[in-house]
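Residue numbers begin at 1 in each chain, while the letters A, B, ... track the order of the sequences. This one's a predicted model, so the numbers in the text were calculated from it and none came from an experiment.
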Protein chains: 4
Amino acid sequence: MTVIEQSLIIFFMRVKDENKKEAIFEAIIELLNEVGFANLSMSQIAKRAGVSSSTIYVYFENKEDMLKTVYMDVKKKFVGSLLQGVEQSIPVRQAMEKLIQNLLEFALTQTAYFFFMEQCSNAPMKAQPSNVDAIDMMKPVFKIFEKGQQKGILKPGDSVILLSFCYHGVTQIAKDKLKRDQCFSDSEVKELIQMCWDAIRK
Amino acid sequence: MTVIEQSLIIFFMRVKDENKKEAIFEAIIELLNEVGFANLSMSQIAKRAGVSSSTIYVYFENKEDMLKTVYMDVKKKFVGSLLQGVEQSIPVRQAMEKLIQNLLEFALTQTAYFFFMEQCSNAPMKAQPSNVDAIDMMKPVFKIFEKGQQKGILKPGDSVILLSFCYHGVTQIAKDKLKRDQCFSDSEVKELIQMCWDAIRK
Amino acid sequence: MTVIEQSLIIFFMRVKDENKKEAIFEAIIELLNEVGFANLSMSQIAKRAGVSSSTIYVYFENKEDMLKTVYMDVKKKFVGSLLQGVEQSIPVRQAMEKLIQNLLEFALTQTAYFFFMEQCSNAPMKAQPSNVDAIDMMKPVFKIFEKGQQKGILKPGDSVILLSFCYHGVTQIAKDKLKRDQCFSDSEVKELIQMCWDAIRK
Amino acid sequence: MTVIEQSLIIFFMRVKDENKKEAIFEAIIELLNEVGFANLSMSQIAKRAGVSSSTIYVYFENKEDMLKTVYMDVKKKFVGSLLQGVEQSIPVRQAMEKLIQNLLEFALTQTAYFFFMEQCSNAPMKAQPSNVDAIDMMKPVFKIFEKGQQKGILKPGDSVILLSFCYHGVTQIAKDKLKRDQCFSDSEVKELIQMCWDAIRK
DNA sequence: AATGAATGAGAATTCATTCAT
DNA sequence: GATGAATGAATTCTCATTCAT
């Protein structure tokens with residue numbers, strides 16, 4: 001594409017207002033956490049986002065598509081945070097530690113996103129925005145755990161179960177804490193890590 | 001209207017009574033699992049239960065009351081199942097084993113109830129039928145675990161966290177399995193119990 | 001069904017208010033004639049009929065079903081009027097005369113119904129309430145015309161074409177007249193009948 | 001922006017010009033035949049025409065104006081076709097023959113236009129794009145028929161009625177045929193002409 | 001001239017609930 | 001107790017149209 005053609009496109013096109021899309025995103029996440037799926041309406045979302053409800057349909061095909069898109073976006077962010085600093089090369093024990101720290105970090109700093117995701121992943125298939133869950137998106141780290149199993153450090157069996165057990169245990173405890181507006185002390189974090197480790201190690 | 005006709009009416013009504021309530025109950029649980037909170041409507045419930053939607057209002061004050069009642073009822077059944085055979089006197093290790101077996105048993109045999117509960121407990125405070133969750137209802141067993149801590153068998157700290165970690169870890173794994181229409185082998189059950197035990201024991 | 005059972009049904013059931021249904025019917029016909037398909041809305045119909053728009057959905061499944069039902073009902077009335085006094089036994093010439101008189105009578109006295117039908121039958125397949133048109137419903141009279149053909153009184157060929165030609169010629173002329181708020185003189189009626197007769201006779 | 005870029009823009013725009021208007025035209029006619037007035041939307045038209053819906057407003061003031069313009073244009077084309085070869089000087093019988101042949105020719109070759117017109121002319125006054133109908137536009141030929149009446153060849157009375165009767169009879173039969181995806185044989189055309197002639201001649 | 005974004009108004013339809021029987 | 005009818009309020013979504021570019 002030549003520079004002239006590019007200018008032409010820019011001249012004719014009007015770029016979607018990213019602020020609006022962002023506002024809609026945030027409104028959805030906020031509201032779902034406040035009112036739940038049963039009471040989440042397009043008009044409420046629009047009002048909260050400060051746009052007309054028809055504007056939502058500029059960005060999404062319909063309610064289902066909207067929720068799916070937001071859910072996938074949030075999950076992508078979440079998995080990104082989760083895997084930060086967890087390279088293939090690090091030892092299992094350290095990987096586990098980092099994962100849990102990242103998980104708690106995300107839960108504490110991005111609480112709205114965290115609760116939003118949890119609600120979505122517990123909705124039934126048909127209502128659920130997308131049925132690929134967070135565990136599936138963590139496939140990159142499975143290799144670390146499988147190596148741990150091969151080395152005889154971790155319990156044998158399905159590595160998904162090992163990881164899933166820890167992940168959900170920690171997740172639910174974090175949810176309970178946050179629902180009561182509480183925080184984790186360093187020693188509590190250590191305890192959680194220890195529980196996870198004991199659960200999966202041989 | 002003759003006396004005979006009146007009696008007939010009364011006869012007809014009373015007979016159906018409990019069946020109707022039961023049918024409504026089952027319809028709610030089935031439907032919530034199929035369509036989720038976002039799409040659960042009174043008319044659908046009525047249709048599924050084979051009654052008029054106004055009939056629902058004979059048994060419940062309104063939608064909120066209806067969901068709360070059903071949720072509490074299901075939870076009561078669940079906790080009943082969970083605690084079966086878990087007396088104060090038995091050793092911690094055995095208590096843990098029994099709890100997990102009961103939990104998996106319930107999940108497998110009363111799957112609809114199990115999923116129903118999970119959805120309810122993940123709804124946000126405001127939307128949630130009732131915010132007392134299953135963990136709270138298990139208070140009777142805490143003493144067993146506290147005794148275990150006092151004896152130095154279990155890790156110290158909040159006994160709720162110990163139990164909650166295991167409970168949710170197992171619950172989520174059961175959910176994943178059931179969503180894929182799979183079952184647990186005996187050895188898998190053993191593995192889960194072992195993971196739980198390792199997680200909480202000193 | 002015994003008398004007692006019947007009483008029971010009457011006791012429990014509440015009969016649909018036929019006035020309401022009738023009011024909705026009339027509102028649809030009136031409005032379609034006033035505003036056309038492009039501007040016919042459920043809320044307008046409801047307002048005109050003096051009911052809530054949700055009430056319409058008690059009687060009809062949706063807009064399409066509603067229009068189809070009304071169209072079929074009007075057509076039935078129309079064909080009834082059209083065939084009045086046209087028995088199999090009467091001579092063709094007289095049958096033709098009676099049909100045209102009936103048609104004009106209907107157009108003049110039930111003008112709203114008449115225009116309503118015409119609009120429906122000109123809508124395209126997908127939008128059209130039902131694609132069986134008035135001609136199809138007149139099959140009973142075809143035999144009279146076929147007899148006329150066999151006797152050598154009428155032109156040979158497809159009897160549907162003979163009848164259809166006359167029917168639509170007269171219909172459109174009636175429409176034009178009525179649109180200009182005019183009436184037919186007796187001599188004009190005679191002329192029309194003569195034109196029809198000349199068109200189809202040998 | 002440089003002068004070159006500006007020229008480019010002007011060049012690009014002008015080139016598309018007539019194509020776009022034509023595309024919009026065709027889209028309207030196609031769509032009206034497919035979905036009817038009740039479901040004809042600007043956005044659909046735009047999509048079908050391959051333009052942005054705001055582009056329609058470059059060519060037309062609004063929806064009403066758009067439909068009126070297209071209708072008038074189509075009618076002009078139609079009347080042009082209809083009158084081809086029908087000069088004032090030719091005998092009535094021949095004029096009638098030519099008119100019917102032209103009408104059928106148009107119906108067969110420009111079917112979409114034909115149906116489009118029919119739908120428009122059956123819409124109620126208020127909704128109708130323009131209430132001057134095809135008959136009005138044929139005024140030039142009336143003189144031929146009036147001469148026929150003066151010579152005693154045709155029936156006396158309103159010449160509009162004579163012509164209208166034939167025109168609509170043929171039109172509707174053509175519509176029925178085309179809706180069933182059928183064609184006219186030469187003998188059928190002859191029969192139609194004969195019916196028309198018999199209907200109006202003395 | 002052309003268009004993507006944006007929107008208020010309004011579309012069809014559903015909802016939870018009430019009511020007379 | 002049970003229900004069909006009825007409905008106001010709310011739902012999701014579409015519409016015709018405008019506007020900045």
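Here the C1' atom of nucleotide F/dT7 and the CD1 atom of C/I24 are 12 Å apart, to the nearest Å. Regarding A/I56, its CD1 atom lies at a distance of 13 Å from the P atom of F/dT14, rounded to whole Å. The separation between B/I45 atom CD1 and E/dT17 atom P is 11 Å, rounded to whole Å. Rounded to a whole Å, the CG atom of C/N19 is 14 Å from the C1' atom of F/dA5.
Between E/dT3 and D/K20, a contact under 4.0 Å exists linking OP1 or OP2 to a side-chain N or O. OP1 or OP2 of F/dA2 sits under 4.0 Å from a side-chain N or O of B/Y59.
Applying the side chain to side chain donor-acceptor pair (under 3.5 Å) criterion to D/T55, with sequence neighbours excluded, gives no partner residue. By the side chain to side chain donor-acceptor pair (under 3.5 Å) test, D/Y113 pairs with D/E26, D/K77, sequence neighbours left out.
Scanning both residues, B/N62 and B/Y57, for their nearest heavy atoms gives CA-CE2, 4.0 Å. Closest approach of A/F37 and A/L32 over heavy atoms only: N-CD1, 3.5 Å.
The list of salt bridge (Lys or Arg N to Asp or Glu O under 4.0 Å) pairs with a residue in residues 44-56 of chain C, not counting sequence neighbours, reads C/E30-C/R48, C/E34-C/R48. For the salt bridge (Lys or Arg N to Asp or Glu O under 4.0 Å) condition, the pairs that include at least one residue of residues 113-124 of chain B, sequence neighbours left out, are B/E118-B/K175.
Note that C/K21 lies outside the cation-pi zone of C/F25, set by a 6.0 Å cut-off to the ring centre and a 45° limit from the axis.
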- Task: Produce a footprint string for nucleotides 9-16 of chain E: one letter per nucleotide, 5' end first; B if the base is under 4.0 Å from any protein heavy atom, S if only the sugar-phosphate is, - if neither.
- Result: --SSBBBS
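In this structure, the side chains of A/I45 and A/M66 come closer than 4.5 Å at one or more pairs of heavy atoms.
Consecutive pairing runs in DNA chain E reach the stem threshold at E:2-21 with F:2-21, where a stem means at least three Watson-Crick or G-U wobble pairs with distances under 3.5 Å.
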